[in-house]
Amino acid sequence: MATPQEDTYWHKGMRRKLVDSIRRRGIGDEHILSAMDALPRHFFLEKAFEEKAYEDTAFPIGCEQTISQPYTVAYQTALLEIQKRDKVLEIGTGSGYQAAILALLGARVYTIERQETLYLRTKNLLSKLGMHSIRCYFRDGSKGLPEFAPFDKILVTAAADKVPRPLLEQLAIGGMLVIPVGSEVQRMERITRMGEREYKTERFDHFRFVPFLKGVEKKG
Ligand code: SAH
């Protein structure tokens with residue numbers, strides 16, 4: 001997306017309906033719901049999808065990737081229990097929508113993308129939107145961002161067969177990692193670092209994410 005578009009009453013009305021539907025599906029955190037109500041999701045999609053931006057579905061964003069479904073964004077964000085000033089690492093920048101929601105909640109966001117095209121496009125969009133607290137990196141997210149560790153929270157927005165060890169190591173003690181684990185269908189897991197070598201795993205609902213891939217892909 002080159003230039004943020006207009007945010008009209010029509011968009012705001014559609015957004016309100018979307019947020020109400022997410023609330024009805026069981027997301028009760030009003031901070032998250034207000035952030036979703038404030039953030040124009042159509043800014044993060046191609047103009048062609050503008051009419052559909054406020055449906056509760058995933059959409060293509062190029063490079064065979066998708067912007068996550070709004071309900072899934074709310075669900076993962078709720079599991080992270082974001083506090084203001086939390087240092088958060090996101091793996092899978094994609095459109096930047098999830099990173100922007102985290103930033104609106106007051107988190108200091110570091111986000112990694114392996115597709116150079118998406119990395120460049122989203123970095124540019126976030127800067128145009130004035131979201132300067134989000135730092136974007138073009139890397140393989142399975143290695144995390146060791147130079148900025150430890151993180152209070154880590155969020156993976158692609159499906160992992162298993163939990164990458166570097167991400168566990170880069171969690172602060174008391175910190176939490178939220179990650180969808182599995183191949184065809186994934187189970188949402190929340191892993192809390194209880195001590196130097198002690199982790200607690202909780203398992204939640206099933207989802208379908210695009211795969212977590214190895215290495216980086218340069219702009220073709
Ligand atoms: N959070 C995004 C969701 C994007 S879909 C949003 O709000 O739009 C998942 C993203 O993860 C894709 O852009 C994909 O390219 C990226 N991805 C997959 N494997 C990765 C890896 N190993 N490192 C970094 N990003 C990865």
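One-based numbering, in listed order, for ligands and for the atoms of each. The structure presented is a predicted model; accordingly, all values stated were derived computationally and were not measured.
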> What protein heavy atom sits nearest atom 13 (O) of ligand 1, and how far off is it?
Replying inline: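 Checking every protein heavy atom, the shortest distance to atom 13 (O) of ligand 1 gives Glu113 OE1, 2.7 Å.
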> For atom 12 (C) of ligand 1, which protein heavy atom lies nearest, and how many Å away is it?
Replying inline: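 The protein heavy atom lying closest is Gln65 OE1, 3.3 Å.
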> Would one find an N or O of Gly141, backbone or side chain, under 3.5 Å from an N or O of ligand 1?
Replying inline: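 Gly141 vs ligand 1: N/O contact under 3.5 Å present.
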>> When you compare ligand 1 with Thr157, is there at least one nitrogen or oxygen pair between them that comes in under 3.5 angstrom?
In response: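 Indeed, backbone or side chain, Thr157 has an N or O that close.
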>> Can you see whether Tyr9 has Lys12 sitting over its ring - NZ or CZ less than 6.0 Å from the centre and within 45° of the normal?
In response: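 Positive - Lys12 is close enough to the ring of Tyr9 and near enough to its axis.
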Give the numbers and elements of all ligand 1 atoms closer than 4.0 Å to a heavy atom of [X].
X      : result
Gln98  : 1 (N), 7 (O)
Ser95  : 6 (C), 7 (O), 8 (O)
Ser68  : 3 (C)
Thr66  : 3 (C), 4 (C), 5 (S)
Ile112 : 24 (C), 25 (N)
Leu118 : 13 (O)
Val210 : 5 (S), 9 (C)

Under 3.5 Å, is there a donor-acceptor pair linking the side chains of [X] and [Y]?
X      : Y     : value
Tyr54  : Arg15 : yes
Glu6   : His11 : no
Glu113 : Thr93 : no

>> Any salt bridge linking Arg108 with Asp86? Criterion: basic side-chain nitrogen under 4.0 Å from a carboxylate oxygen.
In response: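 No, this pair does not count.
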> Out of Glu90, Gln115, Arg114, whose heavy atom is nearest to atom 26 (C) of ligand 1?
Replying inline: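 Considering heavy atoms of Glu90, Gln115, Arg114, the nearest to atom 26 (C) of ligand 1 sits in Arg114.
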> Which residue from Pro211, Gly94, Ala160, Gly92 reaches closest to atom 18 (C) of ligand 1 through any of its heavy atoms?
Replying inline: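 Residue with the shortest heavy-atom distance to the ligand atom: Pro211.
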> In the single-linkage hydrophobic clustering (I, L, V, M, F, W, Y; side-chain heavy atoms under 4.5 Å), do Val109 and Ile154 co-cluster?
Replying inline: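 Result: no, two separate clusters.
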>> Side chains of Leu79 and Phe204, heavy atoms from C-beta outward: is any pair under 4.5 Å?
In response: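 With C-beta onward as the side chain, the pair touches.
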>> If the test is side chain to side chain contact (heavy atoms under 4.5 Å, CB included), which one of Ile61, Val73, Leu102 qualifies with Tyr97?
In response: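 The option that passes is Val73.
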> Does Thr93 reach ligand 1, in the sense of a heavy atom lying below 4.0 Å from it?
Replying inline: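 Yes.
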